[in-house]
Amino acid sequence: MRIALASDHAGYELKELIKLRLYDSGHEVVDFGTDNAERSVDYPDMGRPAAQAVVRGNCDRAVLICGTGIGMSIVANKITGVYAALCMDGLQAEYSRRHNNANVLVMAARLTGLLLAEEILNRWLETDFEGGRHARRVDKVEIG
Ligand code: RB5
């Protein structure tokens with residue numbers, strides 16, 4: 001897949017690890033920044049264009065990372081067509097795909113260890129949407 005990737009300064013180190021894991025798994029990565037952990041930046045500046053890349057069809061999915069995951073979640077979910085899920089464990093990651101068809105994964109760098117982050121990423125990437133009654137529910141989100 002072609003994955004859009006973005007973080008603020010708080011998520012930079014985790015973003016770089018995720019980037020390597022995505023490359024290892026054969027994915028293409030489009031990195032929307034930021035490019036260091038020292039300079040404080042504003043998460044919407046990186047998160048919005050990365051999430052927009054998904055609904056515009058330039059990327060298949062996006063992974064967004066900030067300190068708590070909350071800012072990136074709010075930014076992404078204001079974009080029509082984005083279904084962003086802040087996932088703190090593997091089960092949430094799996095079900096955000098199976099039941100919610102989440103096309104954007106958000107992670108909380110300050111609250112998530114590296115091994116757990118890798119598990120979250122892998123389960124989110126490997127799980128398909130179940131459709132059926134869940135498709136009806138997801139459709140209702142757009143007209144809500
Ligand atoms: C940055 O300090 C922090 O506010 C940001 O990474 C994020 O947690 C916001 O929701």
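Order of appearance sets the numbers: ligands from 1, and atoms from 1 within every ligand.
- With sequence neighbours excluded, the residues that form a salt bridge (Lys or Arg N to Asp or Glu O under 4.0 Å) with E94 are R98, R123.
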Margin query: Between V106 and C87, is the side-chain contact (heavy atoms from CB on, under 4.5 Å) condition met? List the steps.
Written below: CA-CA 6 Å; V106 184; C87 295; over 6 Å; no
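- Around atom CZ of R56, no more than 12 heavy atoms belonging to other residues, nucleotides or ligands sit under 6.0 Å away.
- At a threshold of 4.0 Å, the pair R136-D139 does not count as salt-bridged, since none of the basic side-chain nitrogens sits closer than that to a carboxylate oxygen.
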Please tabulate, one line per pair, the protein nitrogen or oxygen atoms found under 3.5 angstrom from a nitrogen or oxygen of ligand 1, with distances to 0.1 Å, or say none if there are no such pairs.
{"from": "ligand 1", "atom 1": "2 (O)", "to": "R110", "atom 2": "NH1", "distance (Å)": "3.2"}
{"from": "ligand 1", "atom 1": "6 (O)", "to": "D8", "atom 2": "OD2", "distance (Å)": "2.5"}
{"from": "ligand 1", "atom 1": "6 (O)", "to": "G67", "atom 2": "N", "distance (Å)": "2.7"}
{"from": "ligand 1", "atom 1": "8 (O)", "to": "G67", "atom 2": "N", "distance (Å)": "3.3"}
{"from": "ligand 1", "atom 1": "8 (O)", "to": "T68", "atom 2": "N", "distance (Å)": "2.9"}
{"from": "ligand 1", "atom 1": "8 (O)", "to": "T68", "atom 2": "OG1", "distance (Å)": "3.1"}
{"from": "ligand 1", "atom 1": "10 (O)", "to": "T68", "atom 2": "OG1", "distance (Å)": "3.4"}
{"from": "ligand 1", "atom 1": "10 (O)", "to": "G71", "atom 2": "N", "distance (Å)": "2.8"}

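- Dense packing is recorded around CZ of R61, with more than 12 heavy atoms of other residues, nucleotides or ligands lying under 6.0 Å away.
- Hydrophobic clustering (side-chain heavy atoms under 4.5 Å, transitive across Ile, Leu, Val, Met, Phe, Trp, Tyr) keeps L91 apart from I120.
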